[in-house]
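Report on the following structure.
Keep in mind that the numbers below use all heavy atoms, side chains included, and drop hydrogens, waters and symmetry copies. Whatever order the structure lists them in is the order used to number ligands and atoms, beginning at 1.
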Amino acid sequence: MNFNSNFKNIAESYLFAEVADRAAKYSAAHPEKKVLKLGIGDVTLPLAPAVIAALHNAVDDMSRKETFKGYGPYEGYGFLRDGIKDYYARMGVHLNADEIFVSDGAKSDLGNILDIFSKDNTVLVPDPVYPVYVDTNVMAGRKIIYANATESNGFLPMPDYKIKADVIYICSPNNPTGAAYSVEQLKEWVKYAQENGAVILYDAAYESFITDSGLARSVYQVEGAENCAIEFCSFSKTAGFTGTRCGYTVIPRALKKDGYSANKLWFRRQATKFNGVPYIIQRGAAAVFTEEGQKQIKANLAVYQRNAAYIASCMDGLGIWYTGGKNSPYIWLKCPDGMGSWEFFDYLLNNAQVVGTPGAGFGDNGEGFFRLTAFGSEETTKEAVARINNLYKKG
Ligand code: PLP
């Protein structure tokens with residue numbers, strides 16, 4: 001027996017552990033100081049009342065012989081897929097319900113989708129990036145090349161025709177940079193994918209944070225994307241489902257090559273390795289699309305959006321360069337005074353007792369940058385902003 005030796009090539013995942021460790025050591029040494037955490041990208045507000053009511057009702061369904069559910073469809077219940085379909089239709093994207101696959105979250109599907117692609121594909125991943133895209137490909141032994149996201153391109157790399165890629169990851173609005181592509185910019189990526197016979201794996205986990213009309217909420221807002229793109233989305237950040245677990249993946253029937261249909265391959269893959277998302281959870285997720293549910297999740301999103309605006313206006317006031325803050329729950333700032341990411345982490349922790357995430361943990365191009373999240377409470381965010389303001393205004 002041999003283990004998968006590709007695991008040796010995965011970078012030790014120490015980022016959040018190291019962040020937690022440094023913050024814990026600081027707190028132990030300074031128990032009188034209150035440390036404010038704007039580091040981890042998890043939500044803090046509870047589920048919407050409409051979701052909770054639907055979850056309770058679904059639990060009751062399971063208690064009665066007439067409404068009890070056993071194994072559900074691999075691809076998700078019709079009531080939820082129809083809800084997702086109608087949600088897309090409201091943004092002008094027309095899908096068939098059989099192009100939507102319900103999952104237990106975007107992370108699983110982003111990793112599992114690789115099952116349907118050949119090992120020989122070259123993968124293009126932006127740097128910096130959500131680490132899952134890199135690690136899942138390294139585990140499978142695939143060749144990865146990077147698209148440089150930098151200050152000069154606003155952390156939104158555009159296609160380079162000198163580079164030949166088969167599988168392209170795009171995350172917009174981006175984690176960690178908060179930068180979001182416009183529909184016009186995505187047209188360029190769709191054109192590149194079509195000309196190179198490539199597929200775009202489009203991660204829309206943060207689409208609900210988009211407020212500017214020219215920015216893309218779905219890759220399918222670009223004509224022709226249905227021939228070359230798969231979209232991953234999640235209820236995690238949209239509706240606070242990080243601990244409840246539900247997401248969905250869109251695979252258009254038009255996505256075909258060499259006699260293969262991506263939609264059919266994925267269905268076959270799921271039917272083999274996945275037995276569906278719990279009925280109770282899918283009922284909760286479906287409630288997100290009711291009129292009441294939409295109103296309630298928007299009220300929660302507004303809290304995070306306001307937090308993001310506080311942090312962004314603090315950066316504006318201090319003249320610190322950043323991306324995100326608008327159309328995203330992340331603020332990706334350039335560390336002041338030429339500091340490195342970890343240097344700034346320690347500086348902010350020691351002098352303002354604010355914890356963020358060092359950009360260097362997301363890729364080489366993240367060095368010198370820093371991520372703050374808007375997912376904290378309004379009170380924590382306001383206090384953190386006041387402390388950062390204070391720190392820099394004093395000089
Ligand atoms: N995609 C991105 C860009 C994320 O930042 C996250 C979570 O932080 C996910 C996907 C995972 O989402 P889920 O909770 O649906 O697995």
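- Closest protein heavy atom to atom 16 (O) of ligand 1: Arg245 NH2, 2.8 Å.
- Counting atoms of ligand 1 from 1 in the listed order, those under 4.0 Å from a heavy atom of Ser234 are 13 (P), 15 (O).
- For a threshold of 3.5 Å applied to N or O pairs, the pair formed by Tyr133 and ligand 1 contains no separation below that value.
- Taking all atoms of both residues into account, the shortest heavy-atom contact from Leu55 to Ile281 is CD2-CA, 4.2 Å.
- Under the side chain to side chain contact (heavy atoms under 4.5 Å, CB included) test applied with Glu99, the options Leu255, Asn263, Ile84, Thr249 reduce to a single match, Asn263.
- Looking at atom 11 (C) of ligand 1, its nearest protein heavy atom turns out to be Tyr130 OH, 3.3 Å.
- Using 4.0 Å as the threshold, Phe232 has no heavy atom nearer than that to any atom of ligand 1.
- Note on Lys25 versus Asp21: salt bridge recorded, some NZ/NE/NH1/NH2 to OD/OE distance being below 4.0 Å.
- Contacts between Tyr206 and ligand 1 below 4.0 angstrom, taking non-hydrogen atoms only, involve the side chain exclusively.
- Some N or O of Ala106 is nearer than 3.5 Å to an N or O of ligand 1, by distance alone.
- Side-chain atoms of Asp61 never come within 3.5 Å of backbone atoms of Thr67 as a donor-acceptor pair (strictly under, hydrogens ignored).
- Considering backbone and side-chain atoms together, Ser108 places no N or O closer than 3.5 Å to any N or O of ligand 1.
- Cluster membership check: Val51 shares its hydrophobic cluster with Met62, using side-chain heavy-atom separations under 4.5 Å among Ile, Leu, Val, Met, Phe, Trp and Tyr.
- Remark: Asn4 CG is packed, more than 12 non-hydrogen atoms of other residues, nucleotides or ligands lying under 6.0 Å away.
- Between Phe155 and Tyr322, the distance from one ring center to the other does not fall under 6.0 angstrom.
- No side-chain heavy atom of Val167 sits less than 4.5 Å from a side-chain heavy atom of Arg142.
- For Gly247, the heavy-atom gap to ligand 1 stays at 4.0 angstrom or more.
- When Ser236, Cys233, Pro176 are checked for heavy-atom proximity to atom 14 (O) of ligand 1, Ser236 turns out nearest.
- Of the listed options Thr242, Asp203, Thr244, Val129, Asp203 places a heavy atom closest to atom 10 (C) of ligand 1.
- Geometrically, ligand 1 and Asn175 share a nitrogen or oxygen pair separated by less than 3.5 Å.
- Annotation: cation-pi geometry not satisfied between Arg269 and Phe274 (NZ/CZ under 6.0 angstrom from ring centroid, within 45° of ring axis).
- Lys237 NZ, 3.4 Å is the protein heavy atom nearest to atom 7 (C) of ligand 1.
- Applying the 4.0 Å criterion to heavy atoms of Gly105 picks out, from ligand 1, the atoms 15 (O), 16 (O).
- Side-chain atoms of Thr238 never come within 3.5 Å of backbone atoms of Phe235 as a donor-acceptor pair (strictly under, hydrogens ignored).
- Near Cys171, the atoms of ligand 1 lying under 4.0 angstrom from a non-hydrogen atom of the residue are 3 (C).
- Considering backbone and side-chain atoms alike, Lys107 places an N or O below 3.5 Å from some N or O of ligand 1.
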